[in-house]
2 protein chains.
Amino acid sequence: MSLRHALLGLLAVRPSTGYELAKEFEGDLGRHAWQAGHTSVYPELNRMAEDGLAEVTAEGARGAKTYTVTETGRTELHRWLMSPPGPTRARNEYVLRMFLISALPHDDALALLEQIAESTGDAAAELRAVREAHPDDGPLLGADGFGQLAAEYGLRQYEAVRDWARWAAERLRDEKPA
Amino acid sequence: MSLRHALLGLLAVRPSTGYELAKEFEGDLGRHAWQAGHTSVYPELNRMAEDGLAEVTAEGARGAKTYTVTETGRTELHRWLMSPPGPTRARNEYVLRMFLISALPHDDALALLEQIAESTGDAAAELRAVREAHPDDGPLLGADGFGQLAAEYGLRQYEAVRDWARWAAERLRDEKPA
DNA sequence: GCGGGCATGTAACTAGTTACATGATTTT
DNA sequence: AAAATCATGTAACTAGTTACATGCCCGC
């Protein structure tokens, strides 16, 4: 039930409507950490309100409901974050693809690794360029921090995958030299 | 429906029983890429056999059924791996925790980041030691390759997270110097 | 002969996705 | 006035988990 904690965390950073929360999952959050559509978000917010973790603190235009985390919710988020995670489960189709490369014949595997190195390298370069353009030293905590933490994580992630793919491609090239 | 492709990939590397396949998900595969219990694996294998992607090629002791990928299955795996992935979805509770750190108060966030840097650093050091001990230059493709690819990915992953946590901790220390 | 690991499965449940549905505001 | 975007929701379905259930084989 991590969706609940994801929403709790987002609300702890800043009160939001379900619509805004759902959009967060389209960025780095959804790409690297947790992903959910608005059809999961709205019912979960209702349940969280029932359970006293969040409450509706404003109603705006178009029936928009702004949720705010309650003290109970904040306590629960703190407890969850500070308690050691059990064996942690992951689902990442992209990583799965990388692992399965060893099931391919040599030439296909090599081509795929080179393609992975290139696309992750491009993604990393792009993110690095964006970061150089805004050397904003805003606070790492709160609303801005969330974005910075996530962006930096994404950048380092792409670089790690790029380097891994380069390593694997090089080993593969040595293995069967034409 | 990535479980199907995960199983297809594992079977393409080496014919296995459902039991063996289920165990694979307890290692690096389940930790970083895809995770499933035996109760998902057995029904899916049956469905894959029905769909002609795999077949039972041996029956051993204790009712063990060894599945082998068919030519159709191998073609499908190849098609899937070589076709560009759409926007890829990820679910990783550990990463989610990292992103939500910005919802914590300064001191808790710093303590947690330091703890993450330490535990991922330890994990990386351990994996690196194991690798130094076995500098096996076995082939990167096929059964061994799968393990090597996954192990190397895991190692680089832990190092990337360790470095990210160190970066974040350092920024946080500067932000509010006691 | 007994305990642990091998080996398979079903049933009930939970979480999340896709498709459908509606309507209000803002921008062009 | 139309299009885009904001904003919320329900229903049917799919995927995966937890709990339950069974039994065989091997080492001690």
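First the proteins, then the strands, lettered A, B, ... as listed; each starts at 1.
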Side chains of residues 161-168 of chain A: which donor-acceptor pairs under 3.5 Å do they make with residues two or more places apart or in other chains?
from, atom 1, to, atom 2, distance (Å)
A:W164, NE1, B:L149, O, 3.2

Which side-chain N or O atoms in residues 72-81 of chain B pair as donor and acceptor under 3.5 Å with protein atoms at least two apart or in another chain?
from, atom 1, to, atom 2, distance (Å)
B:T75, OG1, B:E71, O, 2.9
B:E76, OE1, B:R79, NE, 2.9
B:E76, OE1, B:R79, NH2, 3.3
B:E76, OE2, B:H5, NE2, 2.9
B:E76, OE2, B:R79, NH2, 2.8
B:H78, NE2, A:D108, OD2, 2.8

Could you go through residues 26-39 of chain B and list every donor-acceptor pair under 3.5 Å that involves a side-chain atom there, pairing it with any protein atom two or more places apart or in another chain?
from, atom 1, to, atom 2, distance (Å)
B:D28, OD1, B:R31, NH2, 3.4
B:Q35, OE1, A:R91, NH2, 3.4

Please tabulate, one pair per line, all N/O donor-acceptor pairs under 3.5 Å involving side-chain atoms of residues 14-22 of chain A, not counting sequence neighbours.
from, atom 1, to, atom 2, distance (Å)
A:S16, OG, A:R14, O, 3.0
A:T17, OG1, A:E20, N, 3.2
A:E20, OE1, A:T17, N, 2.9

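Looking at residues two or more places apart in sequence or on another chain, you find a salt bridge (charged side-chain N to carboxylate O under 4.0 Å, His left out) between B:R156 and B:E152. In terms of the salt bridge (charged side-chain N to carboxylate O under 4.0 Å, His left out) criterion, residue partners of B:R47 (sequence neighbours excluded) are, by chain and number, B:E44.
A heavy atom closer than 4.0 Å to some atom of DNA chain D occurs in B:W34, B:Q35, B:A36, B:G37, B:T39, B:S40, these being the qualifying members of residues 29-55 of chain B. For the segment residues 6-18 of chain B, no residue has any heavy atom less than 4.0 angstrom from an atom of DNA chain D.
A 4.0 Å heavy-atom criterion places the boundary nucleotides of DNA chain D facing chain B at D:dA15 to D:dC25, written 5' to 3'.
Chaining together hydrophobic side chains whose heavy atoms lie under 4.5 Å apart places A:L155 alongside A:L127, A:Y158.
Comparing the axis of the opening five pairs of the helix from C:dG1-D:dC28 to C:dT28-D:dA1 with that of the closing five pairs yields an angle of 30°, rounded to 10°.
In this structure, B:L53 and B:L7 have side chains that are not in contact, with every pair of non-hydrogen atoms separated by 4.5 Å or more. By the 4.5 Å heavy-atom criterion applied to side chains, B:L104 and A:L141 are not counted as neighbours.
Sequence neighbours left out, the pairs with a member in residues 48-59 of chain A that pass salt bridge (Lys or Arg N to Asp or Glu O under 4.0 Å) are A:R4-A:D51.
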